[in-house]
Amino acid sequence: MRIRRASTGETHDLNAAKLLGAGGEAKVYQLAENPGWVAKIWHKPTPERVAKAGAMIRNPPADPTASMRHSSIAWPIDLVSTVGSTPRVLGFVMPYVGGMSPAFMFFNPKTRREKCPLFNSFYLHRTARNLACAVRAVHDKGYVVGDLNESNVLVAETALVTLVDTDSFQVWDGETGEMYRCKVGKPEYTAAEMQGKPFAKMDRTTDQDAFALGVLVFQLLMEGTHPFAGRYRGRGEPPPYDLRISAGHFPYSNDPKNPFEPNPIAPPFTGLHPTLQQLFMRCFVDGHINPSYRPDARSWQWVLEEAELSLIPCWINDQHLHGGHLGECPWCERTRLLAGRDPFPSKDAVQKGDHLKPAA
């Protein structure tokens, strides 16, 4: 297949050898002539998709890591069409981001240990901060991510992040007055006021992104633990995440009626920087009462920087970086709790391959 860029007239050949991925809505090809770009080709181009992508191309957000030659937001650059006398728009080109993995590969202890075992608390805090910066840039331009989750945030081993699937974002076209809604979402990242609602018929706000951002930051800093995961003290089977979120059952709240308590195998909530603890309470407790109380991306960015600067190394294992407000290393205690399975193995253990051995 041969495609033509709308703004320059350049043509590119797409071939199966450069196919990077295929989903229910599109295929993504790396451009052979320019490996720094990829083309997203829709299975079914529609006037709405074309108009939405055009609005995004005309009004891109400021990328916070552009000076580092990294794309924190995989934003459409140009429309592409068929080549011929009656061109038909097929999709768009956007930056190629290689060598990155979904966020869950890093906050999940098992996959992190296998893929990048020296990705310690410093990198996890920096990842969370870079994520907040990217979301802030999207919001500053008037957009809403909508479907912010662990799969559409890519992370590099340097802790740089990239938001992908940006054409699913909620986009307001200031020229036409058209709102292009985000039609998808995962229940475990969906705020209480949006649970069970028809996404395709709802205008979202940055308050809902603030909830999802809080969930991701919590997972990054709490070994993949979802903020609404906990031990159920009620009767019968524990309700699924969507019902817990709808009820506001954050296990770390002080509500005596909350049927959930923190999971005993999760890292201690008090191990987080005190100001981060406050932000999580605002996000999941105060924000349940009033969504506008949730910390915005800028607040997360500032507090995560503060928390990162407070990290100190453990004298036993310098990969055990923890908050200076703690009297003892929480990661040494967690290693003992997990029968020797160290969440942040030492450089020596990694060099010897001991970090991949079964727990004692």
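Because the structure is a prediction, the values reported are computed rather than measured. Along the sequence shown, residues carry numbers from 1.
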State whether the number of non-hydrogen atoms from other residues, nucleotides or ligands found under 6.0 Å of K27 atom NZ is greater than 12. no
For D78, which of R58, R5, R4 qualifies under salt bridge (Lys or Arg N to Asp or Glu O under 4.0 Å)? R5
Could you check, using the six-membered ring where one of them is a Trp, whether Y143 and W75 have ring centers closer than 6.0 angstrom? yes
Distance-only donor-acceptor check, side chains S292 and D207, under 3.5 Å: no
Does any part of the side chain of V303, heavy atoms only, come nearer than 4.5 Å to the side chain of R129, both counted from C-beta? no
State yes or no: are the ring centers of W37 and Y96 separated by less than 6.0 Å? no
Does a sphere of radius 6.0 Å around CD1 in I312 hold more than 12 heavy atoms from other residues, nucleotides or ligands, not counting ones at 6.0 Å or beyond? yes
Note: R181-D203 ion pair, threshold 4.0 Å (strictly below): yes
Answer yes or no: is there a donor N or O on one side and an acceptor on the other, between the side chain of D296 and the main chain of S299, under 3.5 Å? yes
Side chains of T162 and I73 in contact at under 4.5 Å (non-hydrogen atoms): no
Kindly determine whether D167 and K40 satisfy salt bridge (charged side-chain N to carboxylate O under 4.0 Å, His left out), including the steps that lead there. CA-CA 10 Å; D167 54 323; K40 186 168 187 175; 2.9 Å; yes
Closest non-hydrogen contact found for L311 with G323 is CD2-N, 4.0 Å
Step by step, would you call E308 with F122 a side-chain contact (heavy atoms from CB on, under 4.5 Å)? CA-CA 6 Å; E308 181 187 307; F122 168 83; 3.2 Å; yes
In terms of relative ring orientation, are W42 and F92 parallel, tilted or perpendicular, with 30° and 60° separating the classes? perpendicular
Grab the two heavy atoms, one from E114 and one from K110, that are nearest each other, plus how far apart they are. OE2-NZ, 2.8 Å
Report the relative orientation of the aromatic rings in Y232 and F260; use parallel for angles under 30°, tilted for 30 to 60°, perpendicular for over 60°. tilted
Which heavy atom of H355 sits nearest a heavy atom of R113, and at what distance? O-CD, 3.0 Å
Parallel, tilted or perpendicular: which fits the ring planes of W300 and F280, with parallel below 30° and perpendicular above 60°? tilted
Do other residues, nucleotides or ligands put more than 12 heavy atoms under 6.0 Å from E33 CD? yes
Within 6.0 angstrom of M68 CE, more than 12 heavy atoms from elsewhere: no
Any idea which heavy atoms bring H320 and D342 closest together, and the distance? NE2-OD1, 2.8 Å
Taking the inter-plane angle between the rings of F284 and F218 on a 0 to 90° scale, is it parallel (under 30°), tilted (30 to 60°) or perpendicular (over 60°)? perpendicular
Within-4.5 Å side-chain heavy-atom neighbours: V153 and L148: yes
Under-4.0 Å salt bridge between K186 and E150: yes
Taking all non-hydrogen atoms of both residues into account, name the closest pair between L79 and G54 and its distance. CD2-N, 4.4 Å
Would the number of heavy atoms belonging to other residues, nucleotides or ligands and lying under 6.0 Å from CD of E261 be above 12? yes
Hey, do the aromatic rings of Y252 and F269 have their centres closer than 6.0 Å? yes
Enclosure of Y180 OH (heavy-atom neighbours >12, cutoff 6.0 Å): yes
Heavy atoms of other groups near R2 CZ, more than 12 under 6.0 Å: yes
Tell me, with the steps shown, if V28 and L19 meet side-chain contact (heavy atoms from CB on, under 4.5 Å). CA-CA 6 Å; V28 177; L19 178 65; 5.8 Å; no
Just checking H249 against F228, ring centres under 6.0 Å apart? no
